[in-house]
Enquirer: 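Quick one: structure below, then a few questions.
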There are 2 protein chains.
Amino acid sequence: MRKDTSTNALNEKFINDTCGMGRALNIVGGRWKPAILYKLYRTTMRYGELKKSIDGISERMLVAQLRELEEDKVIERIVYPEVPPRVEYRLTDLGRTMGPMLEAMSNWGDLHREKTGDQTKGSSND
Amino acid sequence: MRKDTSTNALNEKFINDTCGMGRALNIVGGRWKPAILYKLYRTTMRYGELKKSIDGISERMLVAQLRELEEDKVIERIVYPEVPPRVEYRLTDLGRTMGPMLEAMSNWGDLHREKTGDQTKGSSND
DNA sequence: CTCATTTCTTACCTTTTTGTTAGTACTAAC
DNA sequence: GTTAGTACTAACAAAAAGGTAAGAAATGAG
C-alpha cells in the first residue's frame with residue numbers, strides 16, 4: 001500500500017508533476033506494462049488471452065497492471081454481462097497516442113543491444 | 001543486492017533479452033535517471049553540480065544511478081587527478097542516441113498531463 | 001597537526017514492487 | 001449437487017528500490 005507521505009512517495013510525485021519524462025515512465029514502466037501495451041497495441045484482447053500470451057505473468061500482476069493502465073486512461077475495460085464472464089481490454093484514444101513513444105523506446109532498446117553486443121538477440125516476445 | 005536466480009530477476013532478464021522496450025525502460029527508468037539524463041543532455045557536469053542541481057537526490061542515489069548509467073554505456077565518467085578530486089560526467093555517443101526517445105517520452109508525458117488535466121502544470125525541474 | 005574540499009562508501013532501515021498460493025462469484029450443463 | 005469456465009481477490013512472503021546518516025581518502029593551506 002501507498003504511504004503517500006514517505007519521502008520516497010513525495011519524490012515520485014514531485015518528479016511526476018514537473019517532468020514529462022518521469023510521468024511517462026511511471027505510466028509505461030513496471031515489469032509487465034510494456035508487454036501488455038505491446039499486445040493491446042495490435043488488438044483488443046480478453047483477460048484470459050492476455051494471461052496466456054504473456055509468458056510468466058501471474059494473475060495478481062496482470063490485474064494490477066491492467067488496473068493501473070486503466071487509471072491512467074490508456075486502456076479501457078469492457079465487461080460483457082455473460083456467464084462465464086467476458087472482459088475485454090483495449091487501448092483508449094489517449095493510449096494510441098503512445099505509439100511514437102513506444103516505438104522510439106523499442107527502437108532504442110534494440111539499438112542499444114546491438115551497440116553493446118549484449119545477450120541473445122531478441123526474437124520479440126510475441 | 002541482486003539475487004539473480006529469483007523469479008523476479010529472471011523475469012526481468014527475459015524481458016530485457018526479448019523486448020527492446022523493456023530494455024530501454026531498464027536503462028532509463030528509476031527515480032532519478034530522467035533528471036540526470038536531462039541535465040547531462042545539455043552539458044558535461046561535475047558530481048557536485050549534479051547533486052546541487054537535482055533537487056532532493058541523496059548522494060547514495062546519485063552515485064548509484066550514475067554507476068548504472070555508466071555500466072549501460074550511456075554516460076562516461078572522467079576523473080581528473082587533482083586534489084580535491086574532480087570528476088565529470090557526460091553522455092557517450094551511444095547516450096546521445098537516446099535523444100529522440102527521451103523527447104518522445106517527455107512530449108507524451110506532457111500530453112498525458114494535458115489530456116487528463118492532472119496535477120500542477122510542470123515548470124520543468126531545471 | 002588541523003581543517004577544508006570533493007567524491008564517494010558503508011551500514012542500516014523503510015517503502016514499494018513483485019511473486020506464490022489459495023479462494024470467490026456466477027450460472028449453465030451434467 | 002457437483003463440475004466447468006472465466007475473471008478476478010486476498011493474504012502473505014520475498015526481493016528490490018529508495019532514504020538517512022556517518023565516515024573515509026587525499027592533500028594543500030594555514
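From a predicted model like this one, the values you see are computed outputs, not experimental measurements. Chain identifiers are assigned alphabetically (A, B, ...) following the order of the sequence lines, protein sequences preceding nucleic acid strands; residue numbering begins at 1 within each chain.
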Enquirer: Between C1' on C:dT17 and CD1 on A:I27, what's the gap in Å once rounded to a whole number?
Expert: 18 Å
Enquirer: Determine the sole option in A:I78, A:I75, A:L40, A:T43 for which the side chain to side chain contact (heavy atoms under 4.5 Å, CB included) test with A:R90 is passed.
Expert: A:I78
Enquirer: Is the backbone N or O of B:P85 less than 3.5 Å from a side-chain atom of B:Y80, with the two atoms forming a donor-acceptor pair by type?
Expert: no
Enquirer: Using a cut-off of strictly less than 4.0 Å, decide whether B:R46 has a side-chain nitrogen or oxygen near OP1 or OP2 of C:dT6.
Expert: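 Result: no.
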Enquirer: Please report, rounded to the nearest Å, how far the P atom of C:dT18 is from the CD1 atom of A:I54.
Expert: 14 Å
Enquirer: Within the pair B:Q65 and D:dG18, is there a side-chain N or O less than 4.0 Å away from OP1 or OP2?
Expert: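 Indeed, a polar side-chain atom of B:Q65 lies that close.
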Enquirer: Could you check A:Y47 against B:W32 and say which one's nearest nucleotide on DNA chain D is further toward the 5' end?
Expert: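 Counting from the 5' end, the first nearest nucleotide belongs to A:Y47.
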Enquirer: Output the rounded distance in Å from CZ (B:R86) to C1' (D:dG28).
Expert: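 About 16 Å, once rounded to whole Å.
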Enquirer: For D:dG19 and A:N11 - does any side-chain N or O of the residue sit under 4.0 Å from the phosphate oxygens OP1/OP2?
Expert: yes
Enquirer: So which one's nearest nucleotide on DNA chain D is more toward 5', A:V83 or A:V63?
Expert: A:V83
Enquirer: Look only at the side chain of B:H112 and the backbone of A:I27, and say whether a donor-acceptor pair between them is shorter than 3.5 Å.
Expert: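 Side chain of B:H112 to backbone of A:I27, a donor-acceptor pair under 3.5 Å: no, none is there.
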Enquirer: When you check the phosphate oxygens OP1 and OP2 of C:dT9, does a side-chain N or O of B:R67 lie under 4.0 Å from one of them?
Expert: yes
Enquirer: One pair to check against side chain to side chain donor-acceptor pair (under 3.5 Å): A:Y89 and A:E76. What are the steps and the verdict?
Expert: CA-CA 6 Å; A:Y89 291 92; A:E76 55 191 338; over 6 Å; no
Enquirer: Nearest whole Å is fine: how far is C:dG19 C1' from A:D55 CG?
Expert: 15 Å
Enquirer: Measure from CG on A:L66 to P on D:dT9 and round the result to the nearest Å.
Expert: 11 Å
Enquirer: Please figure out whether A:I57 or A:P85 has its closest DNA chain C nucleotide nearer the 5' end.
Expert: A:I57
Enquirer: Calculate the interatomic distance between A:L50 atom CG and D:dC8 atom P; express it in whole Å.
Expert: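 Distance, rounded to whole Å: 10 Å.
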Enquirer: Tell me whether the OP1 or OP2 atom of D:dC8 has a side-chain N or O from A:Y89 closer than 4.0 Å.
Expert: yes
Enquirer: Closest-nucleotide mapping onto DNA chain C: is B:P84 or A:E68 further toward the 5' terminus? I mean the 5' end.
Expert: B:P84
Enquirer: Taking atom C1' of D:dG18 as reference, at what distance in whole Å does atom CG of A:L10 sit?
Expert: 13 Å
Enquirer: Determine the contact category for B:T7: base if any of its heavy atoms lies under 4.0 Å from a base atom, sugar-phosphate if only primed atoms, P, OP1 or OP2 are that close, otherwise nothing.
Expert: sugar-phosphate
Enquirer: Roughly how many Å is it from CG in B:L62 to P in D:dG18, rounded to a whole number?
Expert: 13 Å
Enquirer: So what does A:Y80 touch, heavy atoms closer than 4.0 Å: a base, only the sugar-phosphate, or nothing?
Expert: nothing
Enquirer: Nearest 0.5 Å, what's the NZ-CD distance between B:K39 and B:E49?
Expert: 11.0 Å
Enquirer: Does any N or O donor sit under 3.5 Å from an N or O acceptor when you compare the side chain of B:R60 with the base of D:dT20?
Expert: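 Indeed there is one.
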Enquirer: Is there a side-chain contact between B:S6 and the phosphate of C:dG19, meaning an N or O under 4.0 Å from OP1 or OP2?
Expert: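 The answer is no; no side-chain N or O of B:S6 sits under 4.0 Å from OP1 or OP2.
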Enquirer: Identify the heavy atoms of A:L94 and A:K73 that sit nearest to each other, and give their distance.
Expert: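 So the two residues come closest at CB-O, 3.7 Å.
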Enquirer: At less than 4.0 Å, is any side-chain N or O atom of A:R77 found next to OP1 or OP2 of D:dC8? Yes or no.
Expert: yes
